[in-house]
Structure formats: structure tokens, C-alpha cells
Asks: 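Below is the structure I would like to discuss, written out as C-alpha cells.
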Amino acid sequence: MTAPLPLIDQHCHGVLREDLGPHTFAAYLSESDSPAAPGTSFLDSQLGFAVRRWCPPLLGLDPHCPPEEYLARRRELGAQEATRLLLGATGITDYLVDDGLRTPHMTTGQELAGLGDGTAHRIVRLERLAEEVADTAGSASDFLDGLARAVREAARTAAGFKSIAAYRYGLDFAPNPPGPAEVRTAAGHWLAERARGGRVSDPVLLRHLLWTAAETARPIQLHTGFGDPDLRLQRCDPALLTDFARAVRPTGCTLILLHCYPYHRSAAYLAHAFPHVYADVGLALSYTGARAEAVLAEALELVPFGKLLFSTDAHGLPELFVVGAEVFRRGLRRLLDGWVSEGAWSRADAERVAPLIASANARRVYGLCAP
Amino acid sequence: MTAPLPLIDQHCHGVLREDLGPHTFAAYLSESDSPAAPGTSFLDSQLGFAVRRWCPPLLGLDPHCPPEEYLARRRELGAQEATRLLLGATGITDYLVDDGLRTPHMTTGQELAGLGDGTAHRIVRLERLAEEVADTAGSASDFLDGLARAVREAARTAAGFKSIAAYRYGLDFAPNPPGPAEVRTAAGHWLAERARGGRVSDPVLLRHLLWTAAETARPIQLHTGFGDPDLRLQRCDPALLTDFARAVRPTGCTLILLHCYPYHRSAAYLAHAFPHVYADVGLALSYTGARAEAVLAEALELVPFGKLLFSTDAHGLPELFVVGAEVFRRGLRRLLDGWVSEGAWSRADAERVAPLIASANARRVYGLCAP
Amino acid sequence: MTAPLPLIDQHCHGVLREDLGPHTFAAYLSESDSPAAPGTSFLDSQLGFAVRRWCPPLLGLDPHCPPEEYLARRRELGAQEATRLLLGATGITDYLVDDGLRTPHMTTGQELAGLGDGTAHRIVRLERLAEEVADTAGSASDFLDGLARAVREAARTAAGFKSIAAYRYGLDFAPNPPGPAEVRTAAGHWLAERARGGRVSDPVLLRHLLWTAAETARPIQLHTGFGDPDLRLQRCDPALLTDFARAVRPTGCTLILLHCYPYHRSAAYLAHAFPHVYADVGLALSYTGARAEAVLAEALELVPFGKLLFSTDAHGLPELFVVGAEVFRRGLRRLLDGWVSEGAWSRADAERVAPLIASANARRVYGLCAP
């Protein structure tokens with residue numbers, strides 16, 4: 001691989017519009033929802049060190065310079081210019097943005113792609129969509145009709161859907177579509193309690209969302225593996241999706257397993273076993289930094305090379321796009337170069353496979369225009 | 001390790017007798033039961049690249065030559081001559097053949113071993129044996145008597161048994177032997193529905209098969225870990241066999257955990273913890289190709305070196321014997337050389353351990369004659 | 001890292017006072033409770049080879065000399081002098097000793113630390129404490145009062161507590177504290193059956209022990225992952241502790257996940273996600289010997305560097321302290337040197353992080369005096 005590899009980031013979020021204080025900066029380097037333990041720092045992690053390696057040079061500083069120096073330089077440039085410089089170095093051409101986490105402090109997908117000189121595509125988070133529909137629904141039937149309409153509309157314009165059933169319940173939900181009566185009852189209960197702020201977490205409704213989206217035949221991204229402490233890791237093992245994958249296959253939909261760590265080998269197996277299942281190890285690569293190559297290597301054991309996608313899952317900080325892109329590109333290059341040099345792969349195959357994973361697989365799965 | 005290491009392939013299947021078209025060839029390079037996803041190919045996988053690396057030179061072509069060129073050369077030679085050339089290069093001296101998957105298009109174990117200039121041994125697949133007995137049984141008692149007789153007879157001549165309870169139910173079955181009344185009832189139900197083509201999948205019957213085989217004290221191979229999409233991966237974790245292993249131990253039988261990926265570390269632990277448990281990572285090495293060394297290294301963390309066996313799980317294609325043998329031998333040699341060169345192992349220990357895993361452990365466990 | 005790294009062994013046991021025969025020696029190199037399988041030896045394992053690599057030179061012999069030669073030399077020196085020589089080479093300054101496994105043939109923590117020229121700290125095993133209190137309790141109330149008192153007293157002098165709920169039940173226990181009536185009933189049942197030698201294994205009592213200890217706010221070590229064949233590995237996955245970790249957090253206690261293998265990535269995630277959760281991979285490093293660096297690398301993917309601790313879990317043999325210390329120190333140094341040389345970490349960060357993991361994290365978590 002001689003030329004830099006253009007990337008399609010098939011799963012990411014917006015970034016903060018404002019300058020960062022040290023606490024905000026560190027908080028976005030962890031999936032924890034609490035301050036770091038006394039005497040420890042979120043910066044002392046593979047992700048923290050990866051940010052300090054890759055980002056300062058893009059703002060004219062030495063790699064691994066003290067975090068304070070970096071943040072000072074960042075404020076000097078202003079959030080917008082820093083974001084522009086950081087995103088500009090990633091080689092990302094397309095951003096598939098899940099705006100389910102968005103707050104007014106964060107960029108929209110369009111703004112993000114503008115700063116990164118790329119193209120934005122929308123990924124619609126099913127649970128947020130349901131919550132928005134519920135906000136104006138007068139009854140369970142209203143809600144269900146509105147939801148069906150909203151999903152159909154989203155399918156016309158969005159690149160795909162995203163499910164966080166892993167967080168809200170776990171991936172050990174019943175595989176088959178819930179019946180209409182069951183769905184209506186669950187919707188009624190949820191609307192009643194929603195007055196008190198309830199998020200959608202009833203597995204009947206979560207399954208209904210998934211099946212409604214599946215019927216549109218747009219790709220569905222599923223959070224699997226680690227994430228914030230809301231989830232129970234062992235219930236986010238993508239292998240738990242086997243029966244659902246089998247059941248949903250006749251709809252013609254595509255399932256994309258996100259992150260997957262530490263179950264990325266199981267995800268790779270599912271992508272191997274089922275034609276409509278794909279995988280990425282997005283978040284896992286950024287968070288494991290110096291170990292990203294090792295994690296990527298494990299994913300590349302069973303996954304067919306036409307079935308692995310790239311993403312950063314970056315959220316809040318443009319730095320996370322930089323780290324995600326750099327550790328992926330470097331890890332992939334080192335693995336492929338290693339396999340070529342020991343004769344396991346031909347150079348031609350390596351040159352052909354790298355752009356599949358970097359962009360072509362995503363382009364094909366989401367039906368994006370050619371570059 | 002200077003001389004090539006002779007291998008005992010303790011778990012494999014027959015190969016196709018006829019020449020191959022490109023579709024058949026690719027289909028045997030995947031555990032999937034469907035065509036590859038649109039825009040992808042099963043050849044674009046670690047296994048596909050490993051076949052293209054190791055096999056063409058044995059037929060006089062360059063490594064990594066185009067698949068079409070390889071298949072053309074193979075047809076030119078004819079299936080039998082190609083098989084002979086491929087198997088002849090594996091260094092496999094003994095083939096323990098599970099003929100539970102055999103169709104008339106595939107070689108018997110004897111034919112396979114003849115083509116490979118080795119010795120055949122039979123592994124009797126319990127579920128197929130039960131299905132054959134059921135085909136001629138008039139009643140539940142007939143079936144159970146016939147089964148007991150068939151298992152006893154098999155134990156006299158076969159090297160061991162094989163269970164695919166992992167596929168048919170999962171490894172989370174009850175550990176203790178089912179009672180006679182329970183077994184009779186289950187057998188009656190199964191025979192009744194078998195008119196409609198039912199395979200044996202009732203956990204009572206699967207357990208009865210295992211316990212009947214265990215009483216013969218012949219080794220029992222158990223499928224664990226990944227395989228075709230019939231299974232649910234998380235229910236094939238060999239750790240689920242802990243209580244069964246404990247319960248069955250007084251019979252004097254030996255359990256051999258096959259494949260195990262991605263749970264091979266758990267399998268290695270069971271082989272460490274229980275004297276009558278052994279493990280192999282057969283299928284996992286072939287499928288992970290350039291990564292086989294890494295997978296083997298993980299198995300070699302906890303497994304006592306007298307407890308790991310070699311197999312290819314090759315099925316359909318003689319190429320799979322070549323890949324299984326090459327990636328195992330190369331991976332083991334590189335690992336042991338590495339540990340010797342950094343002082344972690346002595347050279348003498350490495351020279352002693354390699355043939356244990358390659359053949360001596362299998363020879364001892366199955367009671368095969370000395371070479 | 002130029003100077004040797006002093007270590008705090010945050011979880012270990014006493015060593016045998018007497019000279020060793022070959023059987024005893026080999027038996028302490030396995031977690032199995034049975035003799036090695038016919039034709040195999042516990043010495044033929046990564047741990048066996050690691051002992052033979054690191055220990056003979058400390059007694060004036062060549063690395064990898066025959067075990068008999070090593071044992072003869074050891075007897076010549078006498079157990080006490082051999083222990084002194086072996087422990088003296090470990091660089092361990094503090095021994096946190098769980099004496100829950102102690103027999104009269106084994107050293108106390110004080111004796112151990114004396115031979116090792118270090119400081120002893122006590123870790124109180126909750127289940128043993130409960131069994132001791134039960135031995136003199138006349139009634140359930142007596143027992144519960146006595147237990148509360150014993151835990152309070154232990155909290156005043158011990159460095160922390162240890163739970164083996166993983167062995168006695170599994171980590172899939174209910175997360176919340178059991179109610180008083182429930183506890184009293186369970187205590188009554190247990191005391192009644194204890195006449196027949198019963199150990200504490202009722203999950204209600206195991207949870208009561210954990211919650212009683214948690215209320216003292218002293219750190220609690222939890223066995224997770226592999227160990228002797230009493231346990232069911234899949235029920236020792238530390239991820240199963242997620243709900244308990246969340247529930248117990250308001251008490252202010254600290255949870256330290258021990259060993260964790262092969263689920264050390266899940267343990268690292270919990271340490272990442274929850275401020276009061278820490279992890280170590282103690283036993284896993286000793287047992288995997290030449291592979292310890294690879295296992296440690298996996299733990300270092302998600303764990304914040306302020307959250308990983310060192311231990312040996314050595315038991316019976318002073319050799320296990322040597323191996324635990326050497327493979328940890330060597331593995332950590334090689335990993336950090338590697339990351340520095342490829343630019344992923346700065347040298348200064350590596351020099352700062354190594355002593356955190358080796359000792360400073362433990363010093364902070366247990367509130368040990370500065371060296």
C-alpha cells in the first residue's frame with residue numbers, strides 16, 4: 001500500500017462545537033459515566049496515549065506533548081479550525097452519522113462533513129426515532145402508525161438504521177417479530193409511563209423497531225460488545241443474535257454488527273456464516289490504541305474480506321476521528337505487509353483487499369455513490 | 001525441528017471423488033450454507049488465501065496463482081491424481097475419519113487413506129449411527145436395543161466416537177445420564193416424527209448417545225465452537241461441558257474437544273483441569289490461515305502439552321488437508337523456535353513437545369499402533 | 001525501564017515449610033485436583049517450563065536443567081534456604097496474603113514476608129471467616145452477630161477481603177443485598193447441615209458476606225476466571241458482576257477482579273467503566289509463562305493504567321513467586337519498550353506507567369504506607 005487509503009466512516013457522531021476544558025476532553029476519552037477514580041486519569045489509557053500521539057502534530061506540536069499544551073494550542077486555534085485540521089488529516093471521504101446522541105452543542109452530520117470536506121449520510125437511531133414519535137402521539141395506535149410512517153420516511157433518505165437494543169435490554173431478545181396485539185399493549189404501557197421520562201426499553205418494542213426497520217430492507221447497524229456502563233457486557237455478545245439473524249434474513253435486510261469487542265471473533269463468525277451479516281470493530285480499535293493491530297488481526301481471522309467495514313464511532317472530539325483512522329490504517333497496513341512478506345498473501349491480494357475494508361464494502365452495502 | 005513432523009489427523013472426513021467447478025470449490029471453503037453475499041467471494045478469506053498459497057506449488061504452479069488457473073490444472077490432472085499429489089505432501093500418516101457426512105460422491109476413509117498413503121481409522125458419529133438404527137427399528141425398544149448393540153460393535157473396531165450434540169441442541173445439556181423411562185419416551189416420540197424426516201435432536205437422546213458411548217470407554221470427540229450456521233455459537237462454548245465432564249469421568253472415557261474456536265482458551269483450561277479431557281484446534285487453524293500461529297499460541301497457554309491433538313477437519317477438498325497440515329506445522333515451529341530463541345523453552349523440550357502434539361498424544365489416546 | 005521494578009504482590013498465599021518430593025512439586029504446578037493423565041506430566045506446561053527457566057539459576061543451576069537435578073539441589077539447600085533465595089530474587093516488597101488456604105504445613109503471611117524480606121498484609125477470605133464463626137455459633141443469630149463482629153474486626157487490621165463466591169456458586173448471583181429474614185433462614189439451614197461438613201455455598205450467604213464486607217469500605221478481591229476444577233468457567237466471567245458492581249458502588253467499597261483469564265478483556269472493560277473496579281491478571285501470567293506478555297497485552301487494551309494491579313497468586317511453592325514476578329516484569333517491559341520504539345507511547349509515559357501497575361496502584365487502593 002503506497003497511496004493513503006480513503007476511508008468511509010460507516011458509524012460516527014457529531015463533535016462538540018465549543019472549545020474544550022481539560023475535564024470535558026478527558027471525559028470523552030472514556031465510556032465511563034463517572035469521573036475517573038481518585039488518583040487516576042482517563043488520559044492514562046491506550047486511547048489517551050493514541051490521541052497524544054496522533055493529534056498534536058496535526059496542530060503543529062510534538063507527539064506526546066503534555067495534554068495542557070495540546071489543549072492550549074487547540075483553544076488558540078478555536079474549536080472550528082482545530083476540527084478542520086484534525087478531520088482534514090483523516091482521509092475520511094464519507095461520514096455515516098448516527099445523530100441519536102446529538103445535543104445542541106454538537107455538530108449535525110452536515111456540519112461535520114463540511115468541516116471534514118466529505119459527504120454526510122444519515123443513520124437513523126431507531127430508539128430515538130420511536131421516542132420522538134412518542135412525544136407527539138396521543139395513543140398507542142397513533143404511536144404505531146406514526147412510527148411505521150417515520151421508519152418508512154427515514155428509509156427513503158437515510159443510509160441505514162441503528163439499534164441500541166444491546167443497551168436498552170440486551171441482545172438475548174426473542175428472535176421472532178412480536179405479534180400486533182403484543183406490540184399494541186407494550187406501546188400503551190410505555191406511553192403511559194413515558195410521562196415520567198421512560199426511554200424505550202421493553203424488548204417487545206425494541207424487537208418491533210428492528211422488524212419494522214428490517215422490512216424496509218435498509219441496512220441495520222446493531223451495537224454489540226462494550227460501551228458505556230449501562231450495558232451488561234455478556235448480554236451484548238453478538239453471538240446472541242444468531243436466531244434473530246436467521247429469522248430476519250427473508251426480509252432482505254442487512255445486519256451490521258458494530259464494535260463487537262471483546263466478542264469480535266464471534267461477530268466475524270456470524271459474518272462468515274450468514275450472507276446478510278457484516279461486522280466492524282470501530283470503537284474497539286480507537287480504544288485499544290497501540291493494540292488496535294492485534295484486535296483487527298483477530299477480526300480478520302474468520303471474517304470474509306468482503307464483510308468487514310471501517311468506522312470510528314467518534315463522538316464529541318474530532319480527535320477520535322484521527323485516532324480511529326490512524327490506528328485502523330496503520331494496523332491494516334502492518335498486518336497485510338506482514339502477511340505479504342511471509343508469503344501468506346500475495347501483494348496483489350493485499351492491494352485489493354485493503355480498499356474493500358476501508359471503503360468499498362461500505363459503499364456496496366449502503367449503496368453509496370462511487371467516489 | 002529439522003526433519004518434517006509426521007502428523008496424525010485425528011478428525012477428518014472424505015474428499016470428493018470428482019473434478020471441481022469453481023462454485024463447488026468455493027463452497028467448500030466456507031462453513032456457510034448459502035452462496036457468498038453479492039459482491040463478495042468465499043475465496044477472499046484467510047482460508048481461501050491459504051489454499052492459494054500452499055496448494056498450487058504441489059501441482060506445479062506458482063503460489064497465489066489465479067483460482068481459475070489452479071482449477072484448470074486440477075482438472076487436467078484429474079481429481080484422483082490431484083488428491084494423491086496434495087495428500088502426499090501433508091506428512092499425515094493416519095487419518096481418523098468421521099464418515100458421518102459422507103455421500104456417494106465422497107471417498108470412504110479407506111479410499112482417502114489409500115490416496116494419502118496412510119492408515120485409516122474410523123470415527124463413528126453417534127447421531128448418524130442412531131439415525132441408521134432408527135431407519136430399521138420397529139419400536140422404541142427395538143431402537144434402543146439396536147443402538148446399544150451398534151455402539152458396542154462400533155467400539156470394537158472404531159478408534160472413537162464423535163458427537164454433534166453442539167449442532168443438534170447445544171452443549172448446555174443436563175450433565176447426568178437420562179433415566180431409562182425418559183429415554184424410552186423420547187425414543188418413541190422421535191421414531192414417530194422420524195417418518196417426517198426428523199434428525200435426532202432431543203437432548204434426552206443426545207445425552208443417551210453420549211452416555212452409551214462413554215460406557216464403552218472409547219474416546220469421544222465432541223464438536224465445540226464454530227461450525228456451520230446451524231449452531232448457536234454461545235451454546236457451543238466447551239466450558240458448558242464442565243458438569244458433564246465431571247459426571248462422565250467415572251466411566252473411564254476420554255473426551256476430546258474439537259475446534260473450540262473462539263473458546264479454545266476455555267477448552268485448554270478443561271484439558272488442564274480434568275485428566276480425561278483433551279483438546280484440538282483443528283478447524284480453527286485451517287480457517288484462520290495466516291493467523292493460525294496466533295490461535296495455536298492461545299491454545300498453548302493453559303493446555304498441558306500432553307493434552308493437545310492435531311486435526312484438519314478437512315472435508316470435501318484434499319486442499320484442506322494440505323492447509324491444515326501446513327499452517328499447523330509452520331505455526332508450531334515458529335512458536336517453538338521463538339520460545340527457544342528467547343530462552344523460555346529449552347531446545348530439547350521443544351524437540352520433545354512438537355511430536356507429542358503432532359502425533360504421539362493421538363497415538364496414546366486412541367491406542368494406535370506405533371509407526 | 002532501567003532499574004528493576006519493585007512489586008507489590010496484591011494476592012498470594014503461604015508456601016510449604018518442608019522439602020518437596022517430585023509429586024508434590026508437580027501437583028502445585030496445576031489447578032487440577034487429580035494426578036496428571038497417563039503418559040502426561042504437569043511439568044510439560046507453560047508454567048512447568050517457566051519454573052525450569054527462571055528458578056534453577058537462582059539456586060546455582062542452569063536454566064532448564066532436569067527437574068530431578070533442581071529438586072535435589074533444593075533439598076540440599078533445605079526448604080527454608082531455598083525459599084529465601086527464591087523470594088529474595090523477586091523484588092516483591094509487600095505480600096498481601098490470603099490465608100484462606102493455609103494448612104499447618106504452610107507458612108503464615110508473616111513467615112512468608114520474613115523469608116522474602118518484605119512486609120506482610122492480611123487478606124481475609126470471607127468464606128473461611130464465615131466457616132470459622134460458624135464453628136462456634138450456637139444459633140443463626142449467634143452466627144450472624146459473630147460474623148458481623150468478625151468482619152468489622154478484620155476490616156480494622158486487614159488490607160482487604162477476598163471472596164470465592166465464584167467457586168462456591170458462580171458470579172451469576174443476584175446483585176442486591178439479601179434481606180435479613182432471608183439471611184437468617186439461610187444461616188439456619190447452613191448451620192444445620194454444617195454438622196455434616198458443609199462449606200458455605202448458599203448464594204444468599206455468599207451475597208451477605210460480600211455486602212457485609214462492602215459496608216466496611218475495605219477493598220474486596222473477587223476470584224474470577226479459571227481456577228481449580230470446582231468451578232464452572234462460564235459462570236466465573238467477571239462480566240457477570242456488572243449489576244453487583246453497580247449495586248454495591250454506593251457503599252464506597254472497591255472491587256478487585258482477580259486472574260480473570262480467559263475473560264481478562266471483560267475485566268478490563270469493567271475497570272474502565274466503573275470507578276471502583278480494578279483488575280489483575282495474576283494467576284494467568286504465571287500459568288501462561290512464555291505467553292504472559294500476550295495475555296498482559298490483552299488486559300492492557302481497555303484497562304485504565306491506574307486500574308491494573310500485580311499479583312502472583314503463588315501458593316505452596318516459592319517458585320511461583322519467582323515465575324509470577326519474572327513473567328510480569330519481562331512482559332510489561334517488552335510491551336512498553338515495543339510501544340515506545342514504534343512511537344505509540346512516549347518513553348516518559350512508559351517510565352511513569354510501569355511503577356503504577358507494579359506497585360503504586362496497589363499502594364493507593366489498599367492504603368499501604370509509602371515505601
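A note on names: the letters A, B, ... follow the listed sequences, proteins ahead of strands, and every chain is numbered from 1. Computed from heavy atoms alone, side chains included, the values below leave out hydrogens, waters and symmetry copies.
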Asks: Locate the shortest heavy-atom distance separating C:Pro275 from A:Ser32; write the atom from each residue and the value.
Replies: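 The answer is CD-OG, 4.4 Å.
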
Asks: Are C:Phe305 and A:Phe49, when compared by the centres of their aromatic rings, separated by less than 6.0 Å?
Replies: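 Ring centroids of C:Phe305 and A:Phe49 are less than 6.0 Å from each other.
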
Asks: Does A:Arg53 form a side-chain contact (heavy atoms from CB on, under 4.5 Å) with C:Ser346? I'd like the steps, not just the answer.
Replies: CA-CA 8 Å; A:Arg53 172 199 206 168; C:Ser346 72; over 6 Å; no

Asks: Over all heavy atoms of both residues, which pair between C:Ser266 and A:Pro262 is shortest? Give the atoms and the distance, please.
Replies: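 For C:Ser266 and A:Pro262, the tightest heavy-atom pair comes out as OG-CG, 3.8 Å.
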
Asks: Name the region of A:Arg330, side chain, backbone, both or neither, that has any atom closer than 4.5 Å to a heavy atom of chain C.
Replies: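 Side chain only.
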
Asks: For A:Leu231, is it the side chain, the backbone, both, or neither that has a heavy atom closer than 4.5 Å to a heavy atom of chain C?
Replies: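 Contact with chain C involves both backbone and side-chain atoms of A:Leu231.
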
Asks: Check whether any side-chain N or O of A:His64 sits under 3.5 Å from a backbone N or O of C:Gly343 as a donor-acceptor pair, and report yes or no.
Replies: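 Present.
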
Asks: Which bit of C:Tyr278 is near chain A, if near means a heavy-atom gap under 4.5 Å: side chain, backbone, both or neither?
Replies: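 For C:Tyr278, side-chain heavy atoms alone lie under 4.5 Å from chain A.
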
Asks: Given 3.5 Å as the limit, does a donor-acceptor pair link the side chain of C:Tyr269 with the main chain of A:Tyr261, or not?
Replies: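 Side chain of C:Tyr269 to backbone of A:Tyr261, a donor-acceptor pair under 3.5 Å: no, none is there.
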
Asks: Relative to chain A, which segment of C:Asp243 carries a heavy atom at a distance below 4.5 Å: side chain, backbone, both, or neither?
Replies: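 For C:Asp243, the contact with chain A is made by the side chain alone.
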
Asks: So, A:Thr40 side chain and C:Gly306 main chain: donor-acceptor pair closer than 3.5 Å or not?
Replies: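 No, because the side chain of A:Thr40 does not come within donor-acceptor range (under 3.5 Å) of the backbone of C:Gly306.
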
Asks: Among A:Gly48, A:Pro35, A:Ser45, A:Ala294, who wins on heavy-atom pairs under 4.5 Å with chain C?
Replies: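 Answer, by heavy-atom pair count under 4.5 Å with chain C: A:Ser45.
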
Asks: Between A:Tyr263 and C:Arg265, does the side-chain contact (heavy atoms from CB on, under 4.5 Å) criterion hold? Intermediate values first, please.
Replies: CA-CA 10 Å; A:Tyr263 309 110; C:Arg265 283 169 157 166; over 6 Å; no

Asks: Answer yes or no: is there a donor N or O on one side and an acceptor on the other, between the side chain of A:Arg52 and the main chain of C:Trp345, under 3.5 Å?
Replies: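 No, A:Arg52 side chain to C:Trp345 backbone: no donor-acceptor pair under 3.5 Å.
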
Asks: Side chain, backbone, both or neither: which part of A:Asp62 has a heavy atom under 4.5 Å from chain C?
Replies: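 Nothing of A:Asp62, per the 4.5 Å heavy-atom cut-off to chain C.
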
Asks: Hey, is the main chain of A:Glu31 close enough, under 3.5 Å, to the side chain of C:His272 for a donor-acceptor pair?
Replies: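 Present.
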
Asks: Find the one option among C:His276, C:Glu298, C:Arg364, C:Lys307 whose heavy-atom pairs under 4.5 Å with chain A are most numerous.
Replies: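 Among the listed options, the one with the most contacts to chain A is C:Arg364.
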
Asks: C:Leu335 versus chain A, heavy atoms under 4.5 Å apart: side chain, backbone, both or neither?
Replies: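 Neither part.
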
